[in-house]
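Have a look at the structure below, then the notes.
For this chain, numbers begin at 1 and follow the sequence in order.
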Amino acid sequence: MSAIESTMNETRVFEPSAEWKANATIGGMDAYKALCKEAEDDYEGFWARRAAENLQFSKPYTQVLDESNAPFYQWFSGGELNVSANCLDKNVAAGLGDKTAIIFEADGGEVTRVTYSQLLAKVSQLANGLKSLGVKKGDRVVIYMPMSVEGICAMQACARIGATHSVVFGGFSAKSLQDRIVDVGASLVITADQQVRGGKALPLKAIVDEALALGGCEAVSKVVVYKRTGADVGMGARDVYMNDLADAQSSTCEPTPVDSEHPLFVLYTSGSTGKPKGVQHSSAGYLLWAMLTMKWTFDIKPNDVFWCTADIGWVTGHTYITYGPLAVGATQIVFEGVPTYPNAGRFWEMIQRHKATIFYTAPTAIRSLIKAADADDKIHPKSYDLSSLRLLGSVGEPINPEAWMWYYEHVGHNKCPIVDTFWQTETGGHMITPLPGATPLVPGSCTLPLPGIMAAIVDETGQDLPNGQGGILVVKRPWPSMIRNIWGDPERFKSSYFPAELGGKLYLAGDGSIRDKATTNFTIMGRIDDVLNVSGHRMGTMEIESALVAHELVAEAAVVGRPDDLTGEAIVAFVVLKRDRPTGNEALEIATALRNFVGKDIGPIAKPKEIRFGDNLPKTRSGKIMRRLLRSLAKGETITQDTSTLENPAILDQLGKSN
């Protein structure tokens, strides 16, 4: 394989402050290196000690790591625990019953606070209600809910009785929902009458009814409906309101012990084509890593107010809303709405109001808020009191250096470290990320693997590549929170994540990456299938996107390739400006200026052959750019993929035309 080329030369470095080094959970590089050495010298002992410090087992495990049936690894074999008890009962027993667990802010601004004792009672009542409907250990429950305390309770209630939940994002279509109900074999669905986003009520119960009517869902005996708006949604014989079900139940529910490897949840990866791919996660190993990353990456302290802006429909919402923060006894903000309603200052206003100390969001959200702030000083972060913040985080995709700098300067006021976290649905939690008290920060780089994560960069035969040469990102040893299987499809699991051509024992992340020769920092260069091959040069899309966004006119950019007779592949850039979308000659002039800018920054080979301007990019409602759609648009193909999760489906018509 020819190497993936990189021309990125980021020279800005931000060292941890003396205060961070002195007070962080992992303070200083020596502490980080000591943990890494502990893992290298005694891998199983390293994880056993972490488990002893964090998890409460109801039955001790007999083996830390079982590799006898690789790649179907097992962790903490023979042990039993309950995830909900480790999140709620444990904290109440430790005297945190009156501590605020969740500060919930509704779309309209209404605020509800829930303590750990109140949350335990609510979860127990719903768990008892589910049991009264016949849900038992091992059953699968599909959750199709808005961002809400009730959505979190639904997940925790399933965990409490040993049912495996599968959360489907509330923007998916009836067909997508039906596919997932059928694939996981769900016996019950939990939903809401409607969800409220951006001042609009959107149907959920109606979509569930439509999904079940498509067929193949005969195993679903009941639909539990949370009354969010009180709209008349046509309750039928199989439907029951959540409050009617739960309010009559006892607020005590004995947690059901489950095996360490018991499937806590199945989460279907977003944007996939063909049959849905259900990522199956365990109980003990998953929860352990959720807790460790809360402590190591976010340096969570008792007085922190933590805010992850993700949706529970994605893995970020599982690990860093429903499970991680609660398992470490944190106070967290949960937000129902969108960052631009009633205006694009909503995030900053909420940080100011709730005194958030840790803020974790996506680069796409940051870039869209940069554009809004540049257009209106009233909603610029400088117009709000963000002094409570002490740590910022980024998740979902690589953050380009210029967006990183804006985030650091305007939101963090040059004092808040940014943890640029690389991880995936399949990894369960952070894998490569700065540690705020230890790692020097480099804009655009996720820096170094967490202790115990044996990450490497290899060629297409699985051979290690030298630092400075781009290649395929892999993980060489199993880790506790890793994917256990693709639900019902073990062969697909093996071929997707442990391919034979890499030897069958290397976890294939699917991303291209490079390590800096001097610092050994990792920089993610984009998905392997996003690597462009232009006239024999292999380039990651992220570098070209970063170059475009560095231009003063550009708010966002996404780059894809399309076949080209002359160069093999041509670069097509989709660009959102900080001003209105240009047309005609003006569009041609700006496109030429941007091409020349990229040529000067990276080299002539990286100049986009075509630049298309749009008012925004096709994103899911969680803020993730749907690059598969952009590749189809670049090739002039008819869009056949499901576009129901798009925030603005109409943008496809705009971007489908060349300027």
[X], [atom1] atom: more than 12 neighbouring heavy atoms under 6.0 Å:
{"X": "E19", "atom1": "CD", "value": "no"}
{"X": "K200", "atom1": "NZ", "value": "no"}
{"X": "D580", "atom1": "CG", "value": "no"}

With a 4.5 Å heavy-atom cut-off, do [X] and [Y] have their side chains touching?
{"X": "I418", "Y": "W404", "answer": "yes"}
{"X": "W289", "Y": "Y323", "answer": "no"}
{"X": "T519", "Y": "V442", "answer": "no"}
{"X": "I379", "Y": "R346", "answer": "no"}
{"X": "V334", "Y": "V149", "answer": "no"}
{"X": "N54", "Y": "M294", "answer": "no"}
{"X": "L435", "Y": "L450", "answer": "yes"}
{"X": "T447", "Y": "D420", "answer": "no"}

Determine the minimum heavy-atom distance between [X] and [Y], stating which atoms define it.
{"X": "N91", "Y": "L326", "answer": "ND2-O, 2.7 Å"}
{"X": "E556", "Y": "L617", "answer": "CB-CD1, 4.0 Å"}
{"X": "L119", "Y": "A101", "answer": "CD2-CB, 4.2 Å"}
{"X": "P449", "Y": "I453", "answer": "CB-O, 3.5 Å"}
{"X": "A373", "Y": "W406", "answer": "CB-CZ2, 4.0 Å"}
{"X": "P434", "Y": "V419", "answer": "O-CG1, 3.3 Å"}

- State which residue, out of D304, N303, T331, fulfils the side chain to side chain donor-acceptor pair (under 3.5 Å) condition with T357. D304
- F522 ring center within less than 6.0 Å of F422 ring center: no
- Quick one: salt bridge (Lys or Arg N to Asp or Glu O under 4.0 Å) pairs with a partner in residues 286-302, sequence neighbours left out? D299-K301, D299-R390
For [Y], does its backbone N or O pair with a side-chain atom of [X] as donor and acceptor, under 3.5 Å?
{"X": "H318", "Y": "W314", "value": "yes"}
{"X": "Y320", "Y": "G429", "value": "no"}
{"X": "K355", "Y": "Q352", "value": "yes"}
{"X": "T319", "Y": "G428", "value": "yes"}
{"X": "S388", "Y": "A356", "value": "yes"}
{"X": "Q195", "Y": "L202", "value": "no"}
{"X": "R612", "Y": "L655", "value": "yes"}
{"X": "Q654", "Y": "D615", "value": "yes"}

Please verify the inter-ring angle class for [X] with [Y]; under 30° counts as parallel, over 60° as perpendicular, anything in between as tilted.
{"X": "F306", "Y": "F298", "value": "perpendicular"}
{"X": "H281", "Y": "Y286", "value": "tilted"}
{"X": "Y408", "Y": "F14", "value": "tilted"}

Distance check, rounded to the nearest 0.5 Å: [X] atom [atom1] versus [Y] atom [atom2]?
{"X": "T583", "Y": "E586", "atom1": "OG1", "atom2": "CD", "result": "7.0 Å"}
{"X": "C416", "Y": "L441", "atom1": "SG", "atom2": "CG", "result": "11.0 Å"}
{"X": "R581", "Y": "I590", "atom1": "CZ", "atom2": "CD1", "result": "11.5 Å"}
{"X": "I333", "Y": "I103", "atom1": "CD1", "atom2": "CD1", "result": "5.5 Å"}
{"X": "C308", "Y": "F335", "atom1": "SG", "atom2": "CZ", "result": "13.0 Å"}
{"X": "I651", "Y": "N616", "atom1": "CD1", "atom2": "CG", "result": "4.0 Å"}

Quick one: do the [X] and [Y] side chains pair a donor with an acceptor below 3.5 Å?
{"X": "T115", "Y": "D98", "value": "no"}
{"X": "T421", "Y": "Y360", "value": "yes"}
{"X": "D511", "Y": "S513", "value": "no"}
{"X": "T425", "Y": "Y268", "value": "no"}

Residues [X] and [Y] bridged, charged N to O under 4.0 Å:
{"X": "D377", "Y": "K382", "answer": "yes"}
{"X": "E409", "Y": "R12", "answer": "no"}
{"X": "E545", "Y": "R627", "answer": "yes"}

- Task: Go through the steps to decide whether F597 and V554 satisfy the test side-chain contact (heavy atoms from CB on, under 4.5 Å), and finish with yes or no.
- Result: CA-CA 11 Å; F597 186 79; V554 178; over 6 Å; no
- Message: For K578 and E402: C-alpha separation, side-chain torsions, deciding distance, then whether salt bridge (Lys or Arg N to Asp or Glu O under 4.0 Å) applies.
- Response: CA-CA 14 Å; K578 294 177 181 176; E402 295 314 310; over 6 Å; no
- Item | Stepwise side-chain contact (heavy atoms from CB on, under 4.5 Å) check, Y144 with L204 | CA-CA 7 Å; Y144 187 65; L204 289 183; 3.5 Å; yes
- Message: For a salt bridge (Lys or Arg N to Asp or Glu O under 4.0 Å) check, start with the C-alpha distance between R367 and E397, then their side-chain angles and the critical distance, and finish with the verdict.
- Response: CA-CA 12 Å; R367 287 191 292 264; E397 61 185 7; 2.6 Å; yes
- Note on the structure: Residue pairs meeting side-chain hydrogen bond (donor to acceptor under 3.5 Å, both in side chains), one or both in residues 332-342, sequence neighbours left out, come to R228-E336
- Task: Before giving the answer on side-chain contact (heavy atoms from CB on, under 4.5 Å), spell out for T523 and D516 the whole-Å C-alpha distance, their side-chain angles and the decisive distance to 0.1 Å.
- Result: CA-CA 8 Å; T523 296; D516 185 81; over 6 Å; no
- Task: Evaluate the side-chain contact (heavy atoms from CB on, under 4.5 Å) criterion for residues F359 and T309: first the C-alpha distance (whole Å), next the side-chain angles of each, then the deciding distance (0.1 Å), finally the verdict.
- Result: CA-CA 8 Å; F359 180 62; T309 68; 3.5 Å; yes
